[in-house]
**Q** 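Here it is, the structure in full.
Just the heavy atoms: all of them, side chains too, but no hydrogens, waters or symmetry mates, feed the values below.
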Amino acid sequence: MSASAFIEDPEELVKLTVTTDRAQFPAAVSPIDSLYRTKGSVPTASSSGQVLVTAQGEGIQIYSTADSKCLRSWTFPANVRFACPAKYLAKQDGDSDSYVYVVLDTADGISSKDQGAVVWRWTDRGIDSVGLDDKISTTLSAPIFSLEPGVTTAGHLLVVHRDGSLTLTNAQLSKVYATKSPVSGQTQLIWYQPIA
């Protein structure tokens, strides 16, 4: 199921200042497929009218497309560079936790060999959570092109690597279920489209 979002008045998004000195995306917008929970709201499986914005040099924000208001934000130091847009996985099973995933290209403590392979996942408990609650960091075997959360009913995370290989993990990033290597050792991924 593909999701899309339309922002009626993108004035707040235009105010973002992004900086990048390499061939990275300056900013990206991803639709959130279920409601970002504020106090008293109930998650649904329909499109939420909310987007997750990833901006180099700024951080990650959740915006409402109805009124262009920022509902939640996480700021990062200016030296943090994202390898791909952040992704949001909202729990659908009554669990109060949702997860935010981001792949780091560069940041303090990331070696040159691990650039683009470090995934941060933290728990978002809505308006009541503060900062990067329960943040975990894991380093995968190869640089990452994109993340696709919730690809199964169990909420698995599909990791698409730059070399075309795939990794399937649980939502907590604590267990790898499967890996698939590319057919050719010379593969470089430049584009892909998930199909539901």
Side-chain angles (χ1 to χ4, degrees), residues 1-7 10 12-13 16 18 25-56 58-76 80-105 118-138 140 144-160 167-174 192-194 196:
M1 174 171 104
S2 100
S4 62
F6 177 75
I7 299 175
E12 290 300 313
L13 296 178
L16 290 173
V18 295
F25 68 95
V29 177
S30 302
I32 297 176
D33 290 335
S34 57
L35 284 174
Y36 175 73
R37 288 181 231 115
T38 57
K39 285 188 177 179
S41 68
V42 178
T44 65
S46 63
S47 180
S48 67
Q50 297 169 353
V51 292
L52 187 69
V53 176
T54 309
Q56 299 286 8
E58 286 275 332
I60 301 166
Q61 300 87 23
I62 295 176
Y63 279 91
S64 166
T65 58
D67 55 13
S68 298
K69 288 188 179 173
C70 182
L71 303 174
R72 188 90 169 93
S73 66
W74 297 273
T75 57
F76 290 81
V80 172
R81 293 287 178 247
F82 306 114
C84 63
K87 295 295 176 112
Y88 192 90
L89 175 64
K91 291 293 187 173
Q92 298 295 318
D93 58 6
D95 189 343
S96 62
D97 294 343
S98 296
Y99 297 130
V100 181
Y101 301 92
V102 67
V103 179
L104 301 179
D105 188 55
V118 176
V119 180
W120 280 3
R121 192 261 318 151
W122 63 91
T123 304
D124 177 26
R125 293 187 177 90
I127 298 301
D128 296 330
S129 65
V130 177
L132 305 178
D133 288 353
D134 304 325
K135 179 190 72 122
I136 64 159
S137 177
T138 189
L140 296 178
I144 298 165
F145 183 79
S146 184
L147 301 173
E148 291 299 328
V151 295
T152 67
T153 56
H156 293 105
L157 176 72
L158 179 65
V159 179
V160 181
T167 303
L168 185 68
T169 72
N170 62 355
Q172 296 79 18
L173 298 173
S174 60
Y192 82 102
Q193 176 67 43

**Q** With sequence neighbours left out, write down each residue that passes side chain to side chain donor-acceptor pair (under 3.5 Å) with Thr75, or none if nothing qualifies.
**A**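 So Thr75 forms no side chain to side chain donor-acceptor pair (under 3.5 Å) with any residue.
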
**Q** To the closest 0.5 Å, what do you measure between OH (Tyr101) and CG (Leu52)?
**A** 12.5 Å

**Q** Atom CG in Leu104, atom CD1 in Ile144: separation rounded to 0.5 Å?
**A**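 Reported value, rounded in 0.5 Å steps: 9.5 Å.
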
**Q** Checking Thr167 side chain against Val159 main chain: does a donor-acceptor pair fall under 3.5 Å?
**A**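 Here the side-chain-to-backbone pair does not exist.
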
**Q** Say you draw a straight line from CD of Glu148 to CG of Leu158; how long is it, rounded to the nearest 0.5 Å?
**A**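 Between atom CD of Glu148 and atom CG of Leu158 there are 7.0 Å.
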
**Q** For the residue pair Gly155 and Leu89, what are the closest heavy atoms and their distance?
**A** O-CD2, 3.8 Å

**Q** When rounded to the nearest 0.5 angstrom, what distance separates CH2 in Trp74 from CD1 in Ile62?
**A**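 Spacing of CH2 (Trp74) from CD1 (Ile62) equals 4.0 Å.
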
**Q** Applying side chain to side chain donor-acceptor pair (under 3.5 Å), name anything that partners Thr169, two or more places apart in sequence or on another chain.
**A** none

**Q** Considering all heavy atoms of both residues, which atom of Val29 and which atom of Val51 are nearest to each other, and what is their separation?
**A**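 It is CG1-CB, 3.5 Å.
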
**Q** Scan Leu168, Leu173, Asn170 and name whichever one has a side-chain contact (heavy atoms from CB on, under 4.5 Å) with Leu157.
**A**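 Among the candidates, only Leu173 passes.
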
**Q** Between Lys87 (side chain) and Pro149 (backbone), is there a donor-acceptor pair under 3.5 Å?
**A** no

**Q** Taking all non-hydrogen atoms of both residues, which atom of Ala28 and which atom of Pro85 are closest, and how far apart?
**A** CB-CG, 3.4 Å

**Q** With the side chain counted from C-beta on, respond yes when Tyr88 and Asp124 share a heavy-atom pair under 4.5 Å apart, and no when they do not.
**A** yes

**Q** How long is the span from the CD1 atom in Ile60 to the CH2 atom in Trp122, to the nearest 0.5 Å?
**A**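 With rounding to 0.5 Å, CD1 (Ile60) is 3.5 Å from CH2 (Trp122).
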
**Q** For Thr152, enumerate each residue passing the side chain to side chain donor-acceptor pair (under 3.5 Å) test, keeping only those at least two apart in sequence or located in another chain.
**A** His156

**Q** Does Ser73 have any side-chain contact (heavy atoms from CB on, under 4.5 Å) partners at least two apart in sequence or in another chain, and if so, which?
**A** Gln61, Cys70

**Q** Roughly how far apart are Tyr99 OH and Thr123 OG1, rounded to 0.5 Å?
**A** 5.0 Å

**Q** State, to 0.1 Å, how close Ala90 and Ser98 come at their nearest heavy-atom pair, and which atoms those are.
**A** CA-OG, 3.4 Å

